[in-house]
Student: 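Below is a structure I'd like to ask you about.
For clarity, every value in this text was computed on a predicted model and none was experimentally measured. Every chain is numbered from 1, with letters handed out A, B, ... down the list of sequences.
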2 protein chains.
Amino acid sequence: MSHYSISELAAQFNVSTRTIRYYEEVGLLQPKRNKSGHRQFTKKEMTQLQLIFRGKKYGFNLEEIKEMVLLFEEDPTGKEQLKRTIEYGEDKIHEVSKRIQELEQMKNEMEQFLQVFHDELNQLEEE
Amino acid sequence: MSHYSISELAAQFNVSTRTIRYYEEVGLLQPKRNKSGHRQFTKKEMTQLQLIFRGKKYGFNLEEIKEMVLLFEEDPTGKEQLKRTIEYGEDKIHEVSKRIQELEQMKNEMEQFLQVFHDELNQLEEE
DNA sequence: TTTACCATTTACGTTAACGTTAAGTTCAAC
DNA sequence: GTTGAACTTAACGTTAACGTAAATGGTAAA
């Protein structure tokens with residue numbers, strides 16, 4: 001009924017249970033517990049884990065990821081709170097945009113480099 | 001005359017000299033030495049450091065970066081060698097492309113999330 | 001030639017992000 | 001009710017990527 005155990009989540013995301021417990025340890029997740037103390041995960045935590053792993057893949061460390069996860073987890077009620085959240089979120093989006101641009105530059109440079117090799121290969125094959 | 005000391009490079013790239021020595025230690029750089037054993041860096045190493053820091057910024061570890069740096073450093077002479085280098089390089093470009101795509105997806109999701117907050121803010125301000 | 005700075009190697013220290021082991025608890029099935 | 005898999009916490013271990021300290025050497029200015 002929409003509750004997952006820690007090993008189910010671990011299998012889903014192909015990580016160890018230790019990893020998930022560690023994420024709770026550092027405040028990235030706060031799963032509820034059942035009567036006997038076992039963690040109960042829901043779709044909320046699944047979504048958060050998605051964000052975490054995507055962030056990790058792109059060089060953000062857990063502290064940075066934590067900020068982003070918490071940003072989208074808390075329900076900012078009140079105008080001032082909302083405004084600050086939006087501003088912070090737009091900053092984060094800017095960071096991501098910058099990373100994308102620089103990755104594209106990196107890609108371009110790699111393509112230029114390969115072009116040289118391509119030309120050399122053509123030279124060799126024309127003989 | 002186009003030779004830089006280790007501390008000049010460190011200042012240029014805003015890292016410690018230890019970092020640069022470490023990169024040599026793990027095989028990312030192979031600077032020449034002068035008579036008294038001091039490292040002599042040239043534009044070649046400057047270019048390699050550029051690649052290294054950009055790679056780091058986007059979540060590649062030093063091992064992966066090493067592959068890429070060595071790929072573009074060695075002069076693949078001979079048709080077979082050239083072909084393999086080109087193929088490997090295209091794989092790496094593919095990886096970068098994938099990262100770009102997923103970063104863009106990440107950005108989209110963040111923008112959607114923020115849109116919700118924006119709407120809530122508008123609701124509050126219409127009253 | 002002594003001061004001072006830059007270089008060198010060696011080697012131990014540090015932090016993030018887990019891995020691993022141990023010792024105990026709970027649940028599901030038989 | 002006993003067995004076995006899955007859960008719990010606690011705590012020590014591991015690796016990458018450096019930081020830092022110590023001991024030493026070259027060189028240029030005072």
Side-chain angles (χ1 to χ4, degrees), chain A residues 1-42 44-46 48-70 95 99, chain B residues 1-42 44-46 48-70 95 99:
Chain A
M1 13 153 89
S2 123
H3 278 159
Y4 309 92
S5 74
I6 190 167
S7 56
E8 282 170 338
L9 269 232
Q12 273 277 333
F13 289 99
N14 202 32
V15 296
S16 69
T17 57
R18 172 65 170 116
T19 297
I20 296 180
R21 289 200 190 92
Y22 179 71
Y23 290 162
E24 180 180 1
E25 203 177 315
V26 297
L28 277 165
L29 302 171
Q30 288 114 345
K32 298 280 157 53
R33 306 296 184 107
N34 67 13
K35 193 186 165 180
S36 58
H38 290 195
R39 294 170 178 81
Q40 290 185 148
F41 297 90
T42 69
K44 177 182 176 185
E45 282 81 26
M46 306 254 304
Q48 290 177 328
L49 278 175
Q50 289 281 3
L51 245 172
I52 293 170
F53 293 127
R54 193 168 311 142
K56 285 217 57 184
K57 203 165 179 180
Y58 304 108
F60 298 97
N61 64 32
L62 290 187
E63 261 315 301
E64 298 171 297
I65 293 172
K66 187 174 172 180
E67 289 181 345
M68 298 168 60
V69 170
L70 294 187
E95 279 182 37
R99 291 202 180 207
Chain B
M1 17 155 80
S2 123
H3 279 160
Y4 310 92
S5 74
I6 189 167
S7 56
E8 282 171 338
L9 269 232
Q12 272 276 335
F13 288 100
N14 202 32
V15 296
S16 71
T17 58
R18 172 66 170 114
T19 297
I20 296 180
R21 289 200 189 93
Y22 180 70
Y23 290 164
E24 180 181 1
E25 203 176 315
V26 297
L28 277 165
L29 302 171
Q30 287 114 345
K32 299 280 157 54
R33 304 298 184 105
N34 68 12
K35 193 187 163 178
S36 58
H38 291 197
R39 292 170 181 82
Q40 289 185 150
F41 295 91
T42 70
K44 177 183 176 184
E45 281 82 26
M46 305 254 305
Q48 290 178 328
L49 278 175
Q50 288 281 4
L51 245 172
I52 293 169
F53 293 127
R54 192 167 314 141
K56 284 217 58 184
K57 203 166 180 180
Y58 304 108
F60 297 98
N61 65 30
L62 290 187
E63 261 314 303
E64 297 171 298
I65 294 173
K66 187 174 173 181
E67 288 181 345
M68 298 169 59
V69 169
L70 295 187
E95 279 182 37
R99 290 201 181 207

Student: Round to a whole Å and report the spacing from CG of A:Asn34 to P of C:dT26.
Tutor: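 Distance check: A:Asn34 CG to C:dT26 P gives 11 Å.
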Student: Quick test of your reading: applying salt bridge (Lys or Arg N to Asp or Glu O under 4.0 Å), list the pairs with at least one residue in residues 2-18 of chain B, sequence neighbours left out, ordered by first then second residue.
Tutor: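 Of all non-adjacent pairs touching residues 2-18 of chain B, those that pass salt bridge (Lys or Arg N to Asp or Glu O under 4.0 Å) are B:Arg18-B:Glu25.
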Student: When you look at B:Phe13 and B:Thr19, which way does the side-chain contact (heavy atoms from CB on, under 4.5 Å) test go after all the steps?
Tutor: CA-CA 11 Å; B:Phe13 288 100; B:Thr19 297; over 6 Å; no
Student: So what does A:Lys35 hit on the nucleic acid, given a heavy-atom distance under 4.0 Å: a base, only sugar-phosphate, or nothing?
Tutor: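 No contact.
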Student: For A:Lys32 and D:dC7, give me the distance from atom NZ to atom C1', rounded to whole Å.
Tutor: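 A:Lys32 atom NZ is separated from D:dC7 atom C1' by 20 Å.
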Student: Let me see the working for B:Leu49 and B:Val15 under side-chain contact (heavy atoms from CB on, under 4.5 Å), right down to the final yes or no.
Tutor: CA-CA 11 Å; B:Leu49 278 175; B:Val15 296; over 6 Å; no
Student: Which whole-number value in Å describes the distance from B:Phe60 CZ to D:dA16 C1'?
Tutor: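 That distance rounds to 17 Å.
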Student: Each nucleotide in nucleotides 23-29 of chain D should get exactly one letter: B, S or -. Can you fill that in based on protein heavy atoms under 4.0 Å?
Tutor: ---S---
Student: Using a heavy-atom cut-off of under 4.0 Å over every strand shown, decide if B:Ser5 touches base, sugar-phosphate, or nothing.
Tutor: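 B:Ser5: backbone/sugar contact only, no base atoms under 4.0 Å.
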Student: Whole angstrom is fine here: how far is it from CD in B:Gln40 over to C1' in C:dC6?
Tutor: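 It is 15 Å, rounded to the nearest whole Å.
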Student: Using whole Å, report how far NZ of A:Lys56 lies from P of C:dA16.
Tutor: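 Those two atoms, NZ and P, are 13 Å apart.
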Student: With respect to the side chain of B:Arg21, which nucleotide from C:dA17, D:dA17, C:dT8 is positioned closest?
Tutor: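 Taking heavy atoms from C-beta onward, the closest nucleotide is C:dT8.
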Student: Just checking A:Arg39: base, sugar-phosphate only, or nothing, at a heavy-atom cut-off of under 4.0 Å?
Tutor: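 Touches sugar-phosphate only.
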Student: Which one, C:dT8, D:dA16, D:dT20, comes nearest to the side chain of B:Tyr22?
Tutor: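 Nearest listed nucleotide: D:dA16.
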Student: Just one of A:Glu24, A:Gln40, A:His3 clears the side-chain contact (heavy atoms from CB on, under 4.5 Å) bar with A:Pro31, so which one?
Tutor: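 Single side-chain contact (heavy atoms from CB on, under 4.5 Å) partner of A:Pro31 among A:Glu24, A:Gln40, A:His3: A:Glu24.
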Student: Out of C:dG19, D:dG19, D:dT9, which nucleotide sits closest to the side chain of B:Thr19?
Tutor: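 Selected nucleotide: D:dG19.
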Student: Report the distance from atom CD1 of B:Ile52 to atom C1' of D:dA17, rounded to the nearest whole Å.
Tutor: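 Those two atoms, CD1 and C1', are 13 Å apart.
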Student: How would you label the contact of B:Thr17 with the nucleic acid (heavy atoms, under 4.0 Å): base, sugar-phosphate, or nothing?
Tutor: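 Counting heavy atoms under 4.0 Å across all strands, no contact is made by B:Thr17.
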Student: Side chain of B:Arg33 only, please: which of C:dT9, D:dC18, D:dA11 is the nearest?
Tutor: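 Given the options C:dT9, D:dC18, D:dA11, the side chain of B:Arg33 is closest to C:dT9.
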Student: May I have the distance from A:Glu24 (atom CD) to C:dC18 (atom P), rounded to whole angstrom?
Tutor: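 Spelled out: CD on A:Glu24 to P on C:dC18 is 15 Å.
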Student: Atom CD1 of B:Ile6 and atom P of D:dC18: how far apart are they, to the nearest Å?
Tutor: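 The distance from CD1 of B:Ile6 to P of D:dC18 comes to 13 Å, rounded to the nearest Å.
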Student: What nucleotide, of D:dC7, C:dG19, D:dG19, holds the atom closest to the side chain of B:Ser16?
Tutor: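 The answer is D:dG19, which lies nearest to the side chain.
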Student: Test B:Ile6 against B:Arg21 for side-chain contact (heavy atoms from CB on, under 4.5 Å), laying out the working first.
Tutor: CA-CA 8 Å; B:Ile6 189 167; B:Arg21 289 200 189 93; 3.5 Å; yes
Student: More than 12 heavy atoms of other residues, nucleotides or ligands under 6.0 Å from CG of B:Asn14: yes or no?
Tutor: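 Open.
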Student: What do the steps show when you test B:Arg39 against B:Glu45 for salt bridge (charged side-chain N to carboxylate O under 4.0 Å, His left out), and what is the final call?
Tutor: CA-CA 11 Å; B:Arg39 292 170 181 82; B:Glu45 281 82 26; over 6 Å; no
